[in-house]
Amino acid sequence: MLSVDNLVVRYGAVSAVRDLNLKVGRGELVALLGPNGAGKSSTINALTGLVTPASGRIVLDGQDISRVRTEDRIRAGLTSTPEGRHIFANLTVGENLRLGAATRRDPKGVRGDIDRFLALFPVLSERYGQAAGTLSGGEQQMLAISRSLMSRPKLLLLDEPSLGLAPKIVERIFDFIGELKREGLTLLVVEQNARQALRFADRVYVVSTGTLRYEGPPAELADEHGLFNLYIGG
Amino acid sequence: MSQVLENTAPPIVAASQKGSALRRSLIGGLVTSLPVLAIGLAILNFAPTYYTFLALGAFVNLIVVVGLQVFMGNSNIANLGHSAFVGLGAYGVAILSTPLAMKKLSIPNAPFGFATLQLDPVSSAIIALIVVGVIAAVSGKVISRLSGVTATIVSLALLIIVHSVFLNWTDLFKGNQAFFGIPKVVGLPWMLVFSVVVIVAARLFKDSRWGLQLRASAQSPQAAAALGIDAKRLRLMSWVLSALICGLAGVLYAYFAGTISPKLFYFQMIFNTLAMLILGGMATVTGAVTGVIVLSVGLEFIRSIESGVTIGSIQLPQLLGLSGVALGVVIVLCMAFRPSGISGRYELDELFSRYFRRNAK
Amino acid sequence: MDYALQQLLNALAFGAEYSLVALGLAVVFSIMGLVNFAHGEIIGVSAYSVFLAAALGLTSPFVAVLLAVAAAALAAIAFERVAFRPVRYAPTTTGLLTAFGVSIVVQNLFMLLISPKPQSVSILNGLNQMWFVGPFAVSSLQVMELIVSGLTILALVLFLNRSTLGLAIRAASRDFATVRLMGIRANRVIATAFAISGALAGIAAVFIIARRGSVSPDLGFSLVLKAFVACVIGGFGSLAGAAAGGMLLGFIEVGLLVALPQEYGGFKDALTYVIIVALLVYRPEGLLGQRVELGDKEI
């Protein structure tokens, strides 16, 4: 579904991502792990097109999207829930969800999807007319993921969904991510919190200082204790 | 521990470094003013009178642009009101130094006894600059507290306030009409001297501890604040220095032209000098100098077309507005393709030393 | 009583006009941080379009009004496409100076291509009459200005709160990158914001032409300076602040006109600005503005 070849991202003279190769198959949940500053977010931003890679190819469903604008990548079925959630704080919960479906032209389907997420997260239903900025961190993350799903993506990129959240809430968010995988969605999850990310992952990539260090099934990563501790910890 | 440090080598090292830094920036300022001196001396010795008069105007612009650079280049806040200070300087000396016989004709009803007061040009200039300084300090107090965009709008408001006072306080400023009879005591030599002084002063400020801190806080306000830099005080400082330089330009203008009127110190001057600074590059004093030289020549050329030229047997019509269009286009193109202007980040002397160092290797 | 009512209507009408223009500035500033000094020239393009159409034989005031609004919206979109897009992601000062440059170019083009002198336009004079309501004589133009501005602002509020594009504009004022992550085209959001901004300027242009009966190259410049000041006291970037600031400015101006003796009337503008600068001393962020929060991790 997604294949990334020799991706390089530079900020001036500093290379954030060096020669990264990565594949995500249809229906897979792939985890991209690594410590702070490893180049994970730069990879995601290169995938969505918010930063322009210095070189490399990004292919989605057989179509080279390396030079395609962010907006059109989303329209092609790739969506991302950015790090730090980035919900629209000055808009209401309902308005956030509606904007998530901005690319769709089926009002009925959109309404149906909104109802589905409100049923799934009753707290969003209670706060439907409130400014999204008043939600708690966990609620904002639920809103952010729901908002991404409103566009009915083929591939969802999740950038640090556990960031700044209490363990219990992280558990719930990842339960939901597992649910999405069972429903058949393809996911690429970027995480520092390896334990949670490995719960549902089919395959794992580990990066540090912009370079790929490990690629394979999660079980082996857990076995190779050295690598696990070195790059991920706890 | 800290006491030991204070009593041993570092202060001496720091002092000698400070000395050499000061010397370097002094020499840098002088290097930057060399082209100005060369052009000035050439005009002084070889050019006909008409060009001398044009050159005087260009030198006034030079001083204004350098003054503008002191604030804009270091604080990175656009100032669209600096010609107010040029006007205040010019009207200051006009009111103080114009001979009494002339005043009887022009401002017989001036308040505060100004109608019967005549000072020598030097004291007039000093008092005018003090007035400019006080007004700059008061307005700067407000402006230095505001965020970038708001500060720019308030600088414009200041221009309109001052202009409107010139126009409406007819007893003192003669309103819309020309204020004439100011003693013409400044010629090209003095103008050259002050140009060099101003260029060196702007360079010294830029390289000083305050200039450096101000530039740092313009780049990254939070990082600078975390280092204990008081950005407001530094903005105020550069605002007042900038205003004094602009005021000086006004004083010199009044003393060479002998006649002034409010519209000289309004938007036209803002357009001209801003375009010069942007074209040259506002980050450096060299940029200010470069912009003035290039645009002064360019504008003179365009003005000659504007007033209608004859090519062969074809008489082109008057094209009023052509120079304005050119100025605007210069600003827009610069901002789009080279926001750092012609000279970019380096001063002239820094370019020289980089060049020689590369060749030495 | 008659006098007080008349002055109140004056203040409201002035205020409404400033609000319209200030809102146009705020819509653009809020989403892309552009301080659009060329907004006055959008008013200028609108006014000169009406002038040219009238010179070419247009007689219907209704068509002239439509033309004014459409020309302004198109001019705003064109300015963005040609001049502001290259500096879209540049620092605020760069955008501000670009807009200043555009303003100079367009003003001088009016001079160069049409004339430096004011040109008379009488097509909209019919809007400016005296209406007699019971014992009061009121200017039809002022009443219309008030009603039309009110309706326009209402329509703007509805658009921003109901339509997807409106929501996107509000969202973009805080977080443009994430709006793009919703698959919404940045160019479309920005073009819409400029079109709105231009249309508001066009409506203001209609009133200006009707009141003055003439057009001149610097027609919109001083009005836009005042609108900027309205934005500043309202809080730069806040739409509600722009509208409120415009009204406040109208009241300050009319208040000064009433309070100042005739011979000091010329100081009205200067004093208005002095009062506003004094207000800023107490509230540097404006009436409805918020202190800008910096340092959020940008994506």
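Quick note on labels: first sequence line is chain A, next is B, and so on, each numbered from 1.
- Partners of N187(C) according to the side-chain hydrogen bond (donor to acceptor under 3.5 Å, both in side chains) rule, which considers only residues two or more places apart in sequence or in another chain, are R88(C).
- Closest of all the heavy-atom pairs between W169(B) and F267(C) is N-CZ, 3.7 Å.
- The CE atom of M72(B) lies 7.0 Å from the OG1 atom of T93(C); values are rounded to the nearest 0.5 Å.
- Inter-residue side-chain proximity for F228(C) and L156(B) is flagged as unmet; no heavy-atom pair is nearer than 4.5 Å.
- The two atoms that bring A78(B) and L96(C) nearest to each other are CB-CD2, 3.8 Å, heavy atoms only.
- For F221(C), the part lying under 4.5 angstrom from a heavy atom of chain B is the side chain only.
- Without hydrogens or angle criteria, N168(B) side chain to G266(C) main chain gives a donor-acceptor distance under 3.5 Å.
- In this structure, CG on N108(C) lies 8.0 Å from CG on L327(B), to the nearest 0.5 angstrom.
- Annotation: maximal heavy-atom pairing with chain C below 4.5 Å, among I270(B), V329(B), V149(B), occurs at V149(B).
- With a 4.5 Å cut-off on non-hydrogen atoms, V87(C) touches chain B through its side chain but not through its backbone.
- Interface residues of residues 331-338 of chain B toward chain C, defined by a heavy-atom distance below 4.5 Å and sorted by number: I331(B), V332(B), M335(B), A336(B).
- Proximity to chain C is limited to the side chain of L274(B), based on heavy atoms less than 4.5 angstrom apart.
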